[in-house]
Amino acid sequence: MEVRNSNRDDRETTDFVRAIVREDLQAGKNGGRVATRFPPEPNGYLHIGHAKSICLNFGIAREYGGTCNLRFDDTNPAKEEVEYVEAIKEDVRWLGFDWGDGLYFASDYFERLYGYAVQLIRLGKAYVDSLTAEEIRAYRGTLTEPGKESPYRNRSVEENLDLFTRMRAGEFEDGSHVLRARIDMASANLNMRDPTLYRIRRMAHHRTGDKWCIYPMYDFAHSLSDSLEGITHSICTLEFEDHRPLYDWFQETLKVERRSRQIEFARLNLNYTVMSKRKLLELVQEGLVRGWDDPRMPTICGLRRRGYTPESIRNFCERIGVARRDNVMDVALLEHSLREDLNLRAPRVMCVLRPLRLIIDNYPEGRVEELQAVNNPEDPSAGTRPVPFSRELYIEQEDFLENPPKKFFRLAPGRTVRLRYGYLVTCTNAVKNDKGEVTEVHCSYDPDSLSGEAGGPRAKATLHWVSAAHSLPAEVRLYDRLFMSENPGEGKEDFKADLNPDSLKVLQSCRMEPSLAGAQPGGRYQFERLGYFCVDPDSCPGSLVFNRTVTLRDQWAKIVRGGAL
RNA sequence: UGGGGCGUCGUCAAGCGGUAAGACACAGGUCUUUGGAACCUGCAUUCGAAGGUUCGAAUCCUUCCGCCCCAGCCA
């Protein structure tokens, strides 16, 4: 089907990063080339915050005829795993981006980076330090006091070369030596106080195996990897701003052919969730969620399993903008982007989450009619489908109230409502069990009120339903926000104290209209009047499982919440 | 008490000396066989504060206040 354009204004996207790219282009920099990169560390799964960066980097490349590489920043074997690189690739692809042949790993540059390090030593700009980690920390000084130079700072080039060669050869223990840049221990910018370039880590790397026992640090590897790839605009988040002088120092000192410009923007924050890899990992490891792809997680795979579409996430990322001030986006905007997309493409079906038997006393026993239901009112080409109607149906428990409050206009004793695509029914009485719970509702129907007859009788409310004998059983998982507070853990020792105990409700006795018999995992539907749902990978024919992606906007729920009853 | 950033509606965010875009949220309303969708209306005399420059300032200057980041052999 044709997806209508979103109502977003079509002005040229004009965030400050794109403005810089345009200026550089106009100034004739980089030979008119635009090259960006998305540089994840394969130590966890991607989340919605990464999506912002992905959309920015790949988006700019696309808009300015440039390229965007996918480069894994895998310089720390202690934390990285192949499992993550595959998952990250899948997520970027799913979001709709293509890195072409621009797939790289910082580990592919280890030999060249080593060469750069040797060059720095020859330039007298790097030295092997033999202080312990604790000593280095002590020598670094504090935010307000300058650091002290290491006693090893003035080793000769020859000695440094010899030591560094032996570090690589595996002659030393972890932590016994590091290679440091020789910059300025008194700098007000701590990153410039002789930052560590290489550390010894006798540990297998997920790609280079046992080839190396020394590994480069982020600042060194990142700056030079960008240069090696000819990246023109190296976009990263705000916390790296203080690193920019160092980023530039490497490229200047080594007089690299291709210089790149680092630009920092504010990372995305979302209310009612956490975004740090450490916290997400904690939720997974402690079994507080079912895994990285738990539909309650803000991870890309979690959102995917939840039923989000790549389009809705991309639209969200365009709408939130790119700036330098700290921000906390309202999840409502993410959900708005989702509904906007799903409304246009999700086929409608009728499903009853909490069944209440409804019997039409004056409807012939054994009779079955095939009513025609519209598949998608937003898309006439989606056509219609038959839905069986009979004497015994199920309706939603919450659609019947014995003593309805003023603003409730669904079914109640004596009330008439329309059954979607069917007839008008009037409630004659309700049957209750010993506990006083309504177990069955009896109605009479008006044979001349079939849906579709122009000018036919009307009712104040329309209910969704399912024919008891024809309906399919299914499990439906209802998700709510993972955390109860906007900023989990704020003012608390443990962010997990804010976990929402009701973030998942599993309903086992739901009833679906028969057309859903062949629903495939990943399939997205709108359950009329309830929300958007998708088929979970746990689902199989005969044992359907749905996830609630997001509810429909709901005026009634608002009234109930507002306590206006 | 060091360095680097940032402060425009509840939340994002335009604006770049000429008199406060837009989105979400919220509140009303129209329409409706989804209390959905769509559509209409309202929602910052004011831009962290105070001074100053100017015919004119959210935009320039000064001072002050507030928030974020930095002391990994993490990224």
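Quick caveat, the model's predicted, so the values are computed rather than measured. In the text below, chain A, chain B and the rest are named by the order of the sequence lines, each starting its count at 1.
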Whether [X] contacts [N] is assessed here as follows: a side-chain N or O lying under 4.0 Å from the phosphate OP1 or OP2. Is that the case?
X: A:R339; N: B:rG36; result: no
X: A:R324; N: B:rC68; result: no
X: A:R202; N: B:rC73; result: no
X: A:T144; N: B:rG3; result: no
X: A:R140; N: B:rC73; result: yes

Least distance between heavy atoms, A:D194 atom then A:R153 atom: OD2-NE, 2.7 Å

Taking the six-membered ring of [Y] (Phe, Tyr or Trp), confirm whether the NZ or CZ of [X] is under 6.0 Å from its centre and within 45° of its axis.
X: A:R511; Y: A:Y394; result: no
X: A:R348; Y: A:Y525; result: no
X: A:R201; Y: A:Y215; result: no

Could you give the distance separating B:rC60 and B:rC73 at their C1' atoms, to the nearest angstrom? 47 Å

Under 3.5 Å donor-acceptor pair, [X] side-chain atoms to [N] base atoms:
X: A:R553; N: B:rU34; value: no
X: A:R137; N: B:rG72; value: no
X: A:D242; N: B:rG3; value: yes
X: A:E486; N: B:rG10; value: no

Does the aromatic ring of A:Y218 sit over the six-membered base ring of B:rA75, closer than 5.5 Å centre to centre and tilted less than 30°? no

Nearest to the side chain of A:M217, heavy atoms from C-beta on, is which of B:rC74, B:rG36, B:rA14? B:rC74

